[in-house]
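Below is one structure, written out as structure tokens; comments come after it.
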Amino acid sequence: MKTLLFDLDGTMYRGTQIIESAKTFLEHCQKKNIPYLFLTNNSMRTREENVIHMEKMGYTGISPDQFYNSAMASVQYVRSHYSGNTAYYIGKEGMKQALLDEGFTITDQNPDFVFVGLNKDADYAQYSKALQLLLNGAKLIGTNQDRILAKPGGFEMGNGSIVAMFEYASSQKSPNIAKPHTPILELCLSHFHLKKEDVILIGDNLETDILLGKNAHVQTIFVQTGVHTQKDVERLNIHPDIIVRDLLDCLDFSFDSFML
């Protein structure tokens, strides 16, 4: 049976506001034993914190081992592509936990890497500290390139905009790891022992979720509850396999027969 890989921000919720159609559809998946996981560029929360965040909004039946995020992908990518064991980070608990889980030593004294994950509480002093470490020789690792994020009533800065700031200031280029780039999907599939043909990507962001599917040759469903709407498809020239208004439109889908 196909496994559904849901995005989070803009697909399951907007900030702290639940998307009711997504809740209804997830309950449908649970009732029909349709397997699903969550693949997110958001590096802020640990897997356990993701469960708590969603349960507070009304979701049920979700477990920490169903989540894979860009912090996990970034740290695992660095482990396999670079040498070095020390890191400084901008981010929240999700970024910290991912580093500790992979055996990194967190330090602000000449680290090998500076990981940049989203931290909505970060300030100028923290950014300047990270920049100095980069100028001193640390390697810049941005967890994702999201330009903007959906929130109730509008949008806010995404982590990719912060990473771009560090790239400009440090004259470095972060490796491309998270959506729409394929390493995050490859690492996620390896983590869950799945293959590309086993999954369907579902998300609200054409430039990340859907473009990842195009880049990786994985089937996609575009839901218009977050960053983009159907009018953006032609503008961006990014074409999903299926376009729906919200996840309620997927209630009658037969995912096993879902074909390109």
Side-chain angles (χ1 to χ4, degrees), residues 2-15 17-26 28-29 34-45 50 53-54 59 62 66-73 118 143-151 155-156 158-160 176-189 192 194 196 198-233 235-251 253 255 258 260:
K2 294 277 190 179
T3 296
L4 308 182
L5 291 184
F6 291 106
D7 175 56
L8 290 177
D9 298 273
T11 302
M12 309 307 294
Y13 52 76
R14 295 177 68 101
Q17 181 182 80
I18 194 171
I19 297 174
E20 289 292 343
S21 56
K23 179 177 182 290
T24 300
F25 182 66
L26 202 66
H28 170 78
C29 291
I34 299 170
Y36 64 89
L37 300 165
F38 301 101
L39 176 61
T40 176
N41 269 5
N42 192 324
S43 66
M44 291 193 298
R45 300 182 184 92
N50 272 313
H53 181 65
M54 293 181 72
Y59 284 102
I62 299 170
Q66 290 177 293
F67 293 83
Y68 193 86
N69 64 38
S70 65
M72 297 166 65
L118 189 61
T143 60
N144 71 79
Q145 294 177 313
D146 288 21
R147 291 188 300 108
I148 59 175
L149 297 175
K151 70 173 185 177
F155 301 93
E156 59 189 2
N159 189 63
N176 296 322
I177 300 168
K179 306 177 194 177
H181 305 285
T182 57
I184 190 172
L185 179 62
E186 293 163 355
L187 289 162
C188 174
L189 294 175
F192 290 111
L194 294 168
K196 290 181 181 181
D198 297 330
V199 302
I200 300 170
L201 288 168
I202 302 178
D204 68 294
N205 192 318
L206 291 166
E207 295 176 300
T208 57
D209 307 312
I210 306 307
L211 187 55
L212 171 61
K214 300 292 109 178
N215 289 338
H217 306 290
V218 171
Q219 297 167 333
T220 58
I221 297 176
F222 169 52
V223 59
Q224 301 174 74
T225 52
V227 171
H228 293 124
T229 62
Q230 187 163 359
K231 67 182 181 182
D232 297 308
V233 170
R235 178 178 65 84
L236 296 171
N237 195 28
I238 300 171
H239 297 271
D241 296 304
I242 295 289
I243 300 174
V244 296
R245 291 170 302 173
D246 56 41
L247 285 173
L248 290 180
D249 288 348
C250 296
L251 286 177
F253 280 19
F255 293 104
F258 185 81
L260 286 172

Taking the side chain as C-beta and beyond, is there a heavy-atom pair between [X] and [Y] under 4.5 Å?
{"X": "I184", "Y": "Y68", "result": "yes"}
{"X": "H228", "Y": "R235", "result": "yes"}
{"X": "I177", "Y": "S70", "result": "no"}
{"X": "Y36", "Y": "F25", "result": "no"}
{"X": "I202", "Y": "L247", "result": "yes"}
{"X": "L206", "Y": "V233", "result": "yes"}
{"X": "L5", "Y": "L185", "result": "yes"}
{"X": "I19", "Y": "R14", "result": "yes"}

Would you find a donor on one side and an acceptor on the other, under 3.5 Å apart, between the side chain of Y59 and the backbone of M12? yes
Atom [atom1] of [X] and atom [atom2] of [Y]: how far apart are they, to the nearest 0.5 Å?
{"X": "D7", "Y": "L201", "atom1": "CG", "atom2": "CG", "value": "9.5 Å"}
{"X": "I62", "Y": "L37", "atom1": "CD1", "atom2": "CG", "value": "11.5 Å"}
{"X": "I242", "Y": "C250", "atom1": "CD1", "atom2": "SG", "value": "8.5 Å"}
{"X": "F222", "Y": "R245", "atom1": "CZ", "atom2": "CZ", "value": "13.5 Å"}
{"X": "T208", "Y": "I148", "atom1": "OG1", "atom2": "CD1", "value": "10.0 Å"}
{"X": "H53", "Y": "I18", "atom1": "NE2", "atom2": "CD1", "value": "10.0 Å"}

Using a distance-only test with no angle check, is there a side-chain donor-acceptor pair under 3.5 angstrom linking [X] and [Y]?
{"X": "K2", "Y": "Q219", "result": "yes"}
{"X": "N176", "Y": "Q145", "result": "yes"}
{"X": "D9", "Y": "N42", "result": "yes"}
{"X": "N159", "Y": "T143", "result": "yes"}

Non-hydrogen atoms of C29 and L4 that approach each other most closely: SG-CD1, 3.9 Å
With D204, which of T11, T229, D246 fulfils side-chain contact (heavy atoms from CB on, under 4.5 Å)? T11
The single option from I238, L211, N144 passing side-chain contact (heavy atoms from CB on, under 4.5 Å) against P180: L211
Working for side chain to side chain contact (heavy atoms under 4.5 Å, CB included), residues L8 and M54: CA-CA 10 Å; L8 290 177; M54 293 181 72; 3.9 Å; yes
What orientation do F67 and F38 show, parallel under 30°, tilted 30 to 60°, or perpendicular over 60°? parallel
Using side-chain hydrogen bond (donor to acceptor under 3.5 Å, both in side chains) as the criterion, point out the one residue from N205, T40, D209 that pairs with K179. D209
Checking side chain to side chain contact (heavy atoms under 4.5 Å, CB included) for the pair V199/L39: CA distance, chi angles, key distance, verdict? CA-CA 11 Å; V199 302; L39 176 61; over 6 Å; no
Using a strict 4.0 Å threshold on nitrogen-to-oxygen distance, state whether D241 and K214 make a salt bridge. yes
